[in-house]
4 protein chains.
Amino acid sequence: MPRKPNTELRRRQIIEGLLKTMAVHGYAGATIQAVAAASGLAPGLLHYHFHDKREMLVALVDQLVAYAQHRYEVRANSATTPRERLRAYIDARLAYGEDANPDAVAAWVMIGAEAVRDAEVREIYRRAAERELALLQRLLKACLVHEGKRVRRLNHVAAGLLAYVEGCFMLAANARDLVPRGFAAEMAAEWVDRYIAQEAASARVAARPTPSRRRSAP
Amino acid sequence: MPRKPNTELRRRQIIEGLLKTMAVHGYAGATIQAVAAASGLAPGLLHYHFHDKREMLVALVDQLVAYAQHRYEVRANSATTPRERLRAYIDARLAYGEDANPDAVAAWVMIGAEAVRDAEVREIYRRAAERELALLQRLLKACLVHEGKRVRRLNHVAAGLLAYVEGCFMLAANARDLVPRGFAAEMAAEWVDRYIAQEAASARVAARPTPSRRRSAP
Amino acid sequence: MPRKPNTELRRRQIIEGLLKTMAVHGYAGATIQAVAAASGLAPGLLHYHFHDKREMLVALVDQLVAYAQHRYEVRANSATTPRERLRAYIDARLAYGEDANPDAVAAWVMIGAEAVRDAEVREIYRRAAERELALLQRLLKACLVHEGKRVRRLNHVAAGLLAYVEGCFMLAANARDLVPRGFAAEMAAEWVDRYIAQEAASARVAARPTPSRRRSAP
Amino acid sequence: MPRKPNTELRRRQIIEGLLKTMAVHGYAGATIQAVAAASGLAPGLLHYHFHDKREMLVALVDQLVAYAQHRYEVRANSATTPRERLRAYIDARLAYGEDANPDAVAAWVMIGAEAVRDAEVREIYRRAAERELALLQRLLKACLVHEGKRVRRLNHVAAGLLAYVEGCFMLAANARDLVPRGFAAEMAAEWVDRYIAQEAASARVAARPTPSRRRSAP
DNA sequence: CATGAATGAGGATTCATTCAT
DNA sequence: CATGAATGAATCCTCATTCAT
């Protein structure tokens, strides 16, 4: 009578325990004993389901990335315009809501630090960043096109937005009460709006190759 | 014949060694042995000049904060307009230049993660953040006033800029080649420009020096 | 298939190893390595069963106190008169016999020294001293009452006897061959005898079995 | 111009610092740094005046022994009868007075523990104990002879008194407030009195070789 | 003699990982 | 699968001792 393997359940439990522990103690401080306690499992069991501690970290990073992806998709599904989809992205990353997870934010900061020293973690982090940048570029482009604006330097703007998002996580983890409550999504939306508003109309007839954006048109 | 104390020199050496080591291995990975090697000193000596490892970290954080302050001041000294001073801030934090220090950027990310778990580090981090926010508000306000714009929600904008800066550090440490080279300062400047450009003009003749944004205009 | 805990066994092994090691090298000299070797266990295991070295010391002190208590009780059980019970106490503390433990005596001297510097150890030492003093007072009082003697200054006499016992331990540890073999219990018994012999007779004929010395006679 | 060597002064300073430090922290806890601080000297200087730490300890033990000797001699000088001289000894060791030194008492307990593990310290301790025992025997014998009592088992009684004295030190160091203030000298004197009082008269005429001391004479 | 920095061996403690049950 | 004891390498920290100045 083969028992139903509960490996998946256990792995989720363990990753959840690692998330909670890392959010408070960082990766180095998340000892197997502590993670086991947070998971409600025996320490020995963790190495049955994961080969070593780094494998748990990798699984956690994967899960957080997937979770972020999911947050966006849920919101994007109920968006109909490019503007709404971009807003969906911003909210998925920055808005406080029922599905907000402070532990995940703190853990993500820890992961960012761990990525600096661990090539494998860094690789996952970078792949996630790449996806974010690509998604942002698509979203921004759609907005600009939709509004008849010129499309240029998407990679700069996307990089700026991603940096902003990452920085908001850092501030949320360390200086939440120094910044206005809920400023993150609000300011992101506003900046995007102003950015799009000030982009020039798409050049068809137009003219001088690269009119400086600094000087107002005569 | 008493020896003349060289503690300050040694402390600087040690902090320098910690900076380099942390930039690569993080705080937990910056073992006393490794820091000693990076400093060119015997391991035991580190505990002669610092009580423990955390004291070294605290000293490093203090030094990085002071260094950032100094970077700004140097640039601000040669600025004459509010706009230039704000630009000086952005460049001090984000521009690549001769005094740019990739190790310091990576170490700062590590410190941000360490701040999550270490109350004393967090306190220093927060005090630094407070100073940055206050400085940003002053700089932004000066620009707006100088251009006859309405002054409002400075704390939101300052928080947004600080988040952006912190996020740029994270990307610089982990995803440098995924983002356009030198985008950080450039995009910051551009966003600030557009932000100021779109603010409405200050309420006319009236002209109390600092119209509170809290009270509705008469 | 869960393992059955063997912590108690291990803790006893470790304490035993600490006892042996301390008897020779003192507390500071009882390194974890040395205690582990004396216990036949791996060094790391000691910190699995005890949080730190002081916890081992505290457990050892507790155990020695309990052991002393047990030595007395065994002997007291076969005593029928107050005099015999007092003698049982003296023998339990000072007589050489099959259950005598030179290591315990030497370790107790080390513990006395450690108590001077360690508040927690001192507290246990003091609680043990309190119990000894109380016990001695009861034993002495019973003797005096039983012999129709006046009961007074029990606390002085008890303190004197306890001091004597502690001092015998010190001499046993450091100067065994300078003092007559087995003098300790013998002299204690003799002094107690002479003390009781010279106490004046209790006031009056009265003689309810245990006249309280606190309340004045009716 | 040869400077007056202040070696002796320095050595005394250092020993004094060791005494104070050991009284609180024990020998292992009396680090060179701590002793230097307590002496008001630079750490390096301690190894100029003493070859190593143990040499300081040995010097301290010697000094404490000499100090104890001196305390007795001062008091003995003003004694005229054997009884007074014995009392002088008891007071020199146990009485609270202007020259009482709680640090010395605590340090002596530490030394007793250190003697267990350090052969050289033990040797000094033992020599001191031998002198004490011999002195006590002389004092006791003089009393007995002076009062026309039989002289016997002096070594037992002397050992008992020395044990008592050592034990009083231990209690003074660890349980001062559990015992009546000033009980130590008082009880010692009383016990000696009763001991002498109950010794039989010197056998001239007398008689039965060893009359049991247990049964009262008919 | 005096200073205080420097050294490095040694010790307590932690912890990922293994493994017997 | 599960448990929790066991291992030992790695790490922080201490400290006696040395030594350049």
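Keep in mind that what you see is a predicted model, and the values were worked out from it rather than measured.
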Comparing Leu46(B) and Leu41(D) on DNA chain E - which has the more 5′ nearest nucleotide: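 Comparing both residues, the 5'-ward one is Leu41(D).
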
Flag, side chain of Asp52(B) to backbone of His47(B), donor-acceptor distance under 3.5 Å: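 No: the side chain of Asp52(B) does not pair with the backbone of His47(B).
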
Under the 3.5 angstrom rule, does the side chain of Lys53(D) hit a backbone N or O of Ala30(D) as a donor-acceptor pair?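 Looks like yes, one N/O pair under 3.5 Å.
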
Going by side-chain contact (heavy atoms from CB on, under 4.5 Å), name the residues that satisfy it together with Ala128(A), two or more places apart in sequence or in a different chain.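 Per chain and number, Ala128(A) pairs via side-chain contact (heavy atoms from CB on, under 4.5 Å) with Val65(A), Arg131(A).
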
Select one nucleotide: of dA12(E), dA5(E), dA16(E), the one nearest the side-chain heavy atoms of Ile32(C).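 Nearest to the side chain of Ile32(C) among the choices is dA12(E).
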
Kindly point out which of dA6(F), dC12(F), dA5(F) is positioned nearest to the side chain of Arg10(C)?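 Selected nucleotide (nearest to the side chain): dA6(F).
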
To the nearest Å, give me how far apart [atom1] ([X]) and [atom2] ([N]) are.
{"X": "Ile14(C)", "N": "dA12(E)", "atom1": "CD1", "atom2": "P", "answer": "14 Å"}
{"X": "Phe50(A)", "N": "dT18(E)", "atom1": "CZ", "atom2": "P", "answer": "16 Å"}
{"X": "Leu18(A)", "N": "dA16(E)", "atom1": "CG", "atom2": "P", "answer": "11 Å"}
{"X": "Gln13(B)", "N": "dA5(E)", "atom1": "CD", "atom2": "C1'", "answer": "12 Å"}
{"X": "Tyr48(D)", "N": "dA5(E)", "atom1": "OH", "atom2": "P", "answer": "21 Å"}
{"X": "His25(A)", "N": "dT14(E)", "atom1": "NE2", "atom2": "C1'", "answer": "14 Å"}
{"X": "Glu8(B)", "N": "dA5(E)", "atom1": "CD", "atom2": "P", "answer": "11 Å"}
{"X": "Lys53(B)", "N": "dT14(F)", "atom1": "NZ", "atom2": "C1'", "answer": "17 Å"}

Quick one: on DNA chain F, does His51(B) or Gly44(C) contact a more 5' nucleotide (nearest heavy atom)?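 Taking each residue's closest nucleotide, the earlier one in sequence belongs to Gly44(C).
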
Counting only side-chain nitrogens and oxygens, does [X] get under 4.0 Å of the OP1 or OP2 atom of [N]?
{"X": "Asn6(B)", "N": "dG4(E)", "answer": "no"}
{"X": "Arg54(C)", "N": "dA12(E)", "answer": "no"}
{"X": "His47(B)", "N": "dT14(F)", "answer": "no"}
{"X": "Thr7(B)", "N": "dA5(E)", "answer": "yes"}
{"X": "His49(C)", "N": "dA6(F)", "answer": "yes"}

Could you point out which residue of Arg54(C), Arg126(C), Arg127(C) forms a salt bridge (Lys or Arg N to Asp or Glu O under 4.0 Å) with Glu120(C)?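 When Arg54(C), Arg126(C), Arg127(C) are each tested with Glu120(C), the salt bridge (Lys or Arg N to Asp or Glu O under 4.0 Å) holds only for Arg54(C).
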
Taking Watson-Crick and G-U wobble pairs with both distances under 3.5 Å, convert DNA chain F into its dot-bracket string, 5' to 3', dots for unpaired and | for cross-strand pairs. .||||||||||||||||||||

For Gln13(B), run the side chain to side chain donor-acceptor pair (under 3.5 Å) check against Arg11(B), Arg10(B), Glu16(B) and tell me which one passes.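 When side chain to side chain donor-acceptor pair (under 3.5 Å) is applied between Gln13(B) and each of Arg11(B), Arg10(B), Glu16(B), only Arg10(B) qualifies.
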
For the aromatic rings, using the six-membered ring if either is Trp, is the centroid distance between Tyr125(D) and Trp108(D) under 6.0 Å?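 Yes, close enough.
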
Which is true for Leu45(B) with a 4.0 Å heavy-atom rule: it touches a base, it touches only sugar-phosphate, or it touches nothing?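 If one applies the 4.0 Å heavy-atom cut-off, Leu45(B) turns out to touch a base.
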
How would you label the contact of Ala30(C) with the nucleic acid (heavy atoms, under 4.0 Å): base, sugar-phosphate, or nothing?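 Contact class for Ala30(C): sugar-phosphate only.
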
Would you say Gln33(C) has more than 12 foreign heavy atoms packed within less than 6.0 Å of its CD?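 Incorrect, the count does not exceed 12.
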
Looking at CG of Leu60(B) and CZ of Phe50(B), how far apart are the two atoms once the value is rounded to the nearest 0.5 Å?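 Answer for the CG-CZ pair, Leu60(B) versus Phe50(B), is 9.0 Å.
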
